[in-house]
Peer 1: 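Mind having a look at this structure? Questions to follow.
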Amino acid sequence: MTDSKPTANFIRNIIDEDLKNGKNDGRVVTRFPPEPNGYLHIGHAKSICLNFGIAQQYGGSCNLRFDDTNPVKEDVEYSEAIKADVSWLGFEWNELHHASDYFDQLYDFAVQLIKADKAYVESSSAEEMRTMRGTLKEPGTPSPFRDRTIEENLDLFERMKNGEFDDGEHVLRAKIDMASGNINMRDPTLYRIRKVEHMRTGDKWSIYPMYDYTHCVSDALEHITHSLCTLEFEDHRPLYDWVLDELQTPSHPQQIEFARLSLEHTMLSKRRLIQLVEENLVDGWDDPRMPTIIGLRRRGFTPEALRDFCDRIGITKNDAWIEMSVLETCMRDHLNRDAHRRMGVLDPIKVVITSLDDNHEQELTFSNHPQDESAGSRPIPFTKEVYIDSDDFSEDPPPKYQRLVPGGEVRLRGCYVIKCNEVIKDESGKVVELHCTHDPDTLGKKPEGRKVKGVVHWVSAKYGVPAEIRLYDRLFTDVNPAKAENFADAINPDSRTIMASAIVEPSLASAEPETHFQFERLGYFVSDRHDHKPGNAVFNRAVTLRDTWAK
RNA sequence: UGGGCCGUCGCCAAGCGGUUAAGGCACCGGGUUUUGAUCCCGGCAUUCGGAGGUUCGAAUCCUCCCGGCCCAGCCA
């Protein structure tokens, strides 16, 4: 996995062409403009990687800008979380801005529009405006307020700003074309009255600019060259251009739209995500099953893997659905390369090696990474009693089973070959202990005269450390849960399995929170960044190992 | 004839008038292996939503048709 040469896409082609033609004096400036009204998810990661990635590739820059134009939905809790997520993903913004930084300029520009007779104060109700807007197939009708004099508009707008009116009494509209086939051009609202505390400007303003008016002006003020956004804004581009043309801003960024991310078995609508959290269907925004950046992080995904993912899925205008396997592969690729190997047993079953002395103790040396010598090694104690995973033993094995069976042999990973001689059960018939003997001539060498194919991970019963291991699966069984009648019903009942009695090798007790490991034969895990502490080992499984054994 | 946009392998995606139609994921073999992992090697679209047309030559240009997505917030 490398972050080198990103795949070609239509946006890079446009930029290449612009550069060739000397447009923007060879500058490339992008921006990532989230509204601070929630947590970022993997769909935002796509946009972040695109915007910051293009800036990097072309030696340009990328700004982080909070689109904080609707004070009723926004909060600094979110803007702080967003900054943390962007940084964690590995990107540095050039400038940090807020749309609210431009409120004064935006107001002056609005006055300019009024003076040019390109904007007017509308005093109809929202209801009436909707009626007059017409429908998709029928043109709208002009408002009776459309022909107010410039002086009257100026006066009213100033009084709106001064707080003389209540929410909903008036609105400032652009004067464009009520008959346009594009509904966004039927005199769109530019300003509305909102007597609400703003997260940054407090109660200074009682009017707030709308997205369509704010975004293009903000882009222009920051001298953005390429304003990248998602497909649903295609219809807004004529308005974006109209505003900048009317205002004759010195800079006129080019808006380019690309398809948003759709990932199978998950759902990226902010509204639905909020619902998951509020209805306690998950544990919060950072629940490891959430597609939020913070959730993916806690699950054990890495910035490298997420960046690789964004590069692999590409940028187009197709409504594409990405299979989970792509994300999982990115995760495995990265951690296969970087994660140190460890052993842990999820559901322990005791193995007594009867051929060993009661107090047998042996220190074995395990490589941290079989393909990377530089990763070093760590000691692992071997004792008479060890634990193996319960599904690595079977009295009634399925075909091609390569693990331990009564009378059979298996290799304890990095240790001896053992043979199962006796199966101990409790009153209910449950297997509680296996009595085995070891072949002393198999440490570091193949057994004589026979083949032992199976290898099983294990932990010393005496030195193993108790741990809680959380296993995760997709949150939704449906490919597209958003389409389910009641999406809560689409939740996978087995999306989380807690293995409360797991035992892990001693070296893991001292692992720092948020350290990634491969537990051999089980998958990639991370020590939980919140719950993992000395004396309380907690690991989350990000993804299993690839498994080609037909189960 | 409201307006805008999209259709290349099961899923993504390069390709921009002349290529044997890249690559990744998935899948199917085979080899290595003390992780049923990794790694390696091989297979996987005579065809680009369909039909016409232009051209010596079309996935790439034109026309029509079919299928899908977005838009009627004082949300972004």
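Protein chains get the first letters and strands the later ones, always in sequence-line order, with residue 1 at the start of each. Quick caveat: nothing in here was measured; it's all calculated off a predicted structure.
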Peer 1: What is the distance from CE of A/M178 to C1' of B/G3, rounded to the nearest Å?
Peer 2: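 My rounded result for the distance is 15 Å.
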
Peer 1: Start at the 5' end of RNA chain B and walk down; is the nucleotide closest to A/T329 or to A/K137 reached first?
Peer 2: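 On the 5' side of the pair lies A/K137.
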
Peer 1: In whole angstrom, give the distance that lies between atom CG of A/L522 and atom C1' of B/U35.
Peer 2: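 Answer to the nearest Å: 9 Å.
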
Peer 1: Does OP1 or OP2 of B/G36 have a side-chain N or O of A/R521 closer than 4.0 Å?
Peer 2: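 Yes, because at least one side-chain N or O of A/R521 sits under 4.0 Å from OP1 or OP2 of B/G36.
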
Peer 1: Expressed in whole Å, how much space separates the P atoms belonging to B/G17 and B/C70?
Peer 2: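 Going atom to atom, P in each nucleotide, I get 32 Å.
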
Peer 1: Without swapping roles, check the side chain of A/H516 against the backbone of A/G300 for a donor-acceptor pair under 3.5 Å.
Peer 2: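 Side chain of A/H516 to backbone of A/G300, a donor-acceptor pair under 3.5 Å: yes, one is there.
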
Peer 1: Rounded to whole angstroms, how far apart are CG on A/D547 and P on B/A26?
Peer 2: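 Spelled out: CG on A/D547 to P on B/A26 is 13 Å.
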
Peer 1: Distance between the C1' atoms of B/C28 and B/U55, in whole angstroms?
Peer 2: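 Rounded to whole Å, the distance is 41 Å.
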
Peer 1: Which value, in whole Å, describes the distance between the C1' atoms of nucleotides B/C44 and B/A26?
Peer 2: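 Taking atom C1' in both B/C44 and B/A26, they lie 11 Å apart.
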
Peer 1: Taking the C1' atom in each of B/C12 and B/A22, what is the distance between them to the nearest angstrom?
Peer 2: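 Taking atom C1' in both B/C12 and B/A22, they lie 14 Å apart.
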
Peer 1: Classify A/K453 by what it touches in the nucleic acid, base, sugar-phosphate, or nothing, heavy-atom distance under 4.0 Å.
Peer 2: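 Nothing, no nucleic acid heavy atom in range.
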
Peer 1: Please name the nucleotide paired to B/C69 by Watson-Crick or G-U wobble geometry with both distances under 3.5 Å, or report none.
Peer 2: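 Partner of B/C69: B/G4.
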
Peer 1: Give one of base, sugar-phosphate or nothing for A/L443, where a contact means two heavy atoms less than 4.0 Å apart.
Peer 2: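 Base, at least one base atom sits under 4.0 Å.
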
Peer 1: At 4.0 Å (heavy atoms only), tell me whether A/G444 reaches a base, stays on the sugar-phosphate, or touches nothing.
Peer 2: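 Counting heavy atoms under 4.0 Å across all strands, the contact made by A/G444 includes a base.
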
Peer 1: Under 3.5 Å, is there a donor-acceptor pair between the side chain of A/R541 and the main chain of A/Y524?
Peer 2: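 The answer is no, because no donor-acceptor pair under 3.5 Å joins these two groups.
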
Peer 1: Report yes if a donor N or O on one partner sits less than 3.5 Å from an acceptor N or O on the other, where the partners are the side chain of A/R411 and the base of B/U34; otherwise report no.
Peer 2: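 Result: at least one qualifying N/O pair found.
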
Peer 1: Check whether A/Y240 reaches the backbone of A/Y213 with its side chain - one donor and one acceptor, N or O, closer than 3.5 Å.
Peer 2: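 Not a single qualifying donor-acceptor pair exists.
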
Peer 1: Check the phosphate of B/A13 against A/T7, side-chain N and O only, distance under 4.0 Å to OP1 or OP2. Yes or no?
Peer 2: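 No, because none of the side-chain N or O atoms of A/T7 sits under 4.0 Å from OP1 or OP2 of B/A13.
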
Peer 1: A/E232 pairs by salt bridge (Lys or Arg N to Asp or Glu O under 4.0 Å) with which of A/R260, A/K317, A/R237?
Peer 2: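 Single salt bridge (Lys or Arg N to Asp or Glu O under 4.0 Å) partner of A/E232 among A/R260, A/K317, A/R237: A/R260.
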
Peer 1: If we ignore hydrogens and angles and just use 3.5 Å, is the side chain of A/S123 paired with the main-chain N or O of A/H170 as donor and acceptor?
Peer 2: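 Not a single qualifying donor-acceptor pair exists.
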
Peer 1: Is there a donor and acceptor pair, one atom on the side chain of A/R403 and one on the base of B/G36, closer than 3.5 Å?
Peer 2: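 Side chain to base: pair found, below 3.5 Å.
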
Peer 1: Considering every strand and a 4.0 Å limit on heavy-atom distances, what is the contact class for A/Q402: base, sugar-phosphate, or nothing?
Peer 2: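 Base contact.
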
Peer 1: Assign a letter to each nucleotide of nucleotides 69-76 of chain B from its 5' end: B, base within under 4.0 Å of a protein heavy atom; S, sugar-phosphate only; -, no contact.
Peer 2: SBBBSBBB

Peer 1: Tell me whether the centres of the aromatic rings in A/F233 and A/H215 are closer together than 6.0 Å.
Peer 2: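 Ring centres of A/H215 and A/F233 not closer than 6.0 Å.
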
Peer 1: Let's see if you can work this out: which of B/U35, B/G15, B/U38 has an atom nearest to the side-chain heavy atoms of A/L545?
Peer 2: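 Shortest atom-to-atom distance from the side chain points to B/U35.
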
Peer 1: Any donor-acceptor pair under 3.5 Å linking the side-chain atoms of A/R403 with those of A/S394?
Peer 2: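 Absent: no donor and acceptor within the cut-off.
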
Peer 1: Just confirming the chi classification of B/G43, syn or anti, using 90° around 0 as the syn window.
Peer 2: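 Anti conformation here, the glycosidic angle of B/G43 being more than 90° from 0.
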
Peer 1: How do A/Q371 and A/I322 order along RNA chain B: which one's closest nucleotide is nearer the 5' end?
Peer 2: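 Per heavy-atom nearest nucleotide, the more 5' residue is A/I322.
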
Peer 1: For B/U38, give the paired nucleotide (Watson-Crick: N1-N3 plus N6-O4 or O6-N4; G-U: N1-O2 and O6-N3; both under 3.5 Å), or none.
Peer 2: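 When the pairing criteria are applied, nothing turns out to pair with B/U38, so the answer is none.
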
Peer 1: Quickly work out the A/R342 CZ to B/A37 P distance and round it to whole Å.
Peer 2: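 To the nearest whole Å, that distance equals 22 Å.
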
Peer 1: Just call it for A/Y401: base, sugar-phosphate, or nothing, with non-hydrogen atoms closer than 4.0 Å on any strand.
Peer 2: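 The answer is base, as A/Y401 lies within the cut-off (heavy atoms under 4.0 Å) of a base atom.
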
Peer 1: In Watson-Crick or G-U wobble terms, both distances under 3.5 Å, what is the partner of B/C74?
Peer 2: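 Matched B/C74 with nothing under the 3.5 Å cut-off.
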
Peer 1: Heavy atoms only, 4.0 Å cut-off, all strands: where does A/K400 land among base, sugar-phosphate and nothing?
Peer 2: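 If one applies the 4.0 Å heavy-atom cut-off, A/K400 turns out to touch a base.
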
Peer 1: Rounded to whole Å, please give me the gap between CE in A/M343 and C1' in B/A37.
Peer 2: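 Distance check: A/M343 CE to B/A37 C1' gives 15 Å.
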
Peer 1: Can you tell me the Watson-Crick or wobble partner of B/C44, both distances under 3.5 angstrom?
Peer 2: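 Matched B/C44 with nothing under the 3.5 Å cut-off.
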
Peer 1: Atom CZ of A/R312 to atom C1' of B/G23: distance rounded to whole Å?
Peer 2: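 One finds 11 Å between C1' of B/G23 and CZ of A/R312, rounded.
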
Peer 1: Does any N or O donor sit under 3.5 Å from an N or O acceptor when you compare the side chain of A/R546 with the base of B/U38?
Peer 2: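 For A/R546, whose side chain was compared with the base of B/U38, there is no donor-acceptor pair (under 3.5 Å).
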
Peer 1: NA contact type, A/R186, heavy-atom cut-off 4.0 Å: base, sugar-phosphate, or nothing?
Peer 2: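 If one applies the 4.0 Å heavy-atom cut-off, A/R186 turns out to touch nothing in the nucleic acid.
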
Peer 1: With rounding to whole Å, what would you report as the distance between B/C16 and B/U32 at their P atoms?
Peer 2: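 The same atom, P, in both gives a distance of 43 Å.
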
Peer 1: Using the C1' atom in both, what is the distance from B/A58 to B/G52, to the nearest Å?
Peer 2: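 Approximately 14 Å lies between the C1' atom of B/A58 and that of B/G52.
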
Peer 1: In the strands shown, is B/A26 matched to any nucleotide by a Watson-Crick or G-U wobble pair with both distances under 3.5 Å, and which?
Peer 2: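 B/A26 is unpaired by these criteria.
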
Peer 1: Between C1' on B/A13 and NZ on A/K46, what's the gap in Å once rounded to a whole number?
Peer 2: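 Checked: the NZ to C1' distance equals 11 Å.
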
Peer 1: For the side chain of A/R332 and the backbone of A/C330, is there at least one donor-acceptor N/O pair under 3.5 Å apart?
Peer 2: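 A pair under 3.5 Å: no.
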
Peer 1: Cut-off 3.5 Å, side chains only: do A/Y120 and A/D187 have a donor facing an acceptor?
Peer 2: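 Side chains of A/Y120 and A/D187: pair found under 3.5 Å.
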
Peer 1: Would you measure the distance from the P atom in B/G49 across to the matching atom in B/C9 and give it in whole Å?
Peer 2: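 Between the two P atoms, the distance is 8 Å.
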
Peer 1: When the P atoms of B/G50 and B/U60 are compared, how many Å lie between them, rounded to an integer?
Peer 2: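 Approximately 10 Å lies between the P atom of B/U60 and that of B/G50.
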
Peer 1: Would you say B/U34 has OP1 or OP2 under 4.0 Å from some side-chain N or O of A/T442?
Peer 2: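 It does not, given that no N or O in the side chain of A/T442 lies less than 4.0 Å from OP1 or OP2 of B/U34.
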
Peer 1: For A/D311 and B/C25, give me the distance from atom CG to atom C1', rounded to whole Å.
Peer 2: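 Those two atoms, CG and C1', are 14 Å apart.
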
Peer 1: Taking side chain as C-beta onward, heavy atoms only, is A/Q518 less than 4.5 Å from A/L545?
Peer 2: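 Answer yes - side chains close enough.
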
Peer 1: Do A/R65 and A/F32 come within less than 4.5 Å of each other through their side chains, counting heavy atoms only?
Peer 2: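 When only atoms from C-beta onward are counted, A/F32 and A/R65 do not touch, as no gap falls below 4.5 Å.
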
Peer 1: With a 3.5 Å cut-off and just heavy-atom distances, do the side chain of A/E138 and the base of B/G2 make a donor-acceptor pair?
Peer 2: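 For A/E138, whose side chain was compared with the base of B/G2, there is no donor-acceptor pair (under 3.5 Å).
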
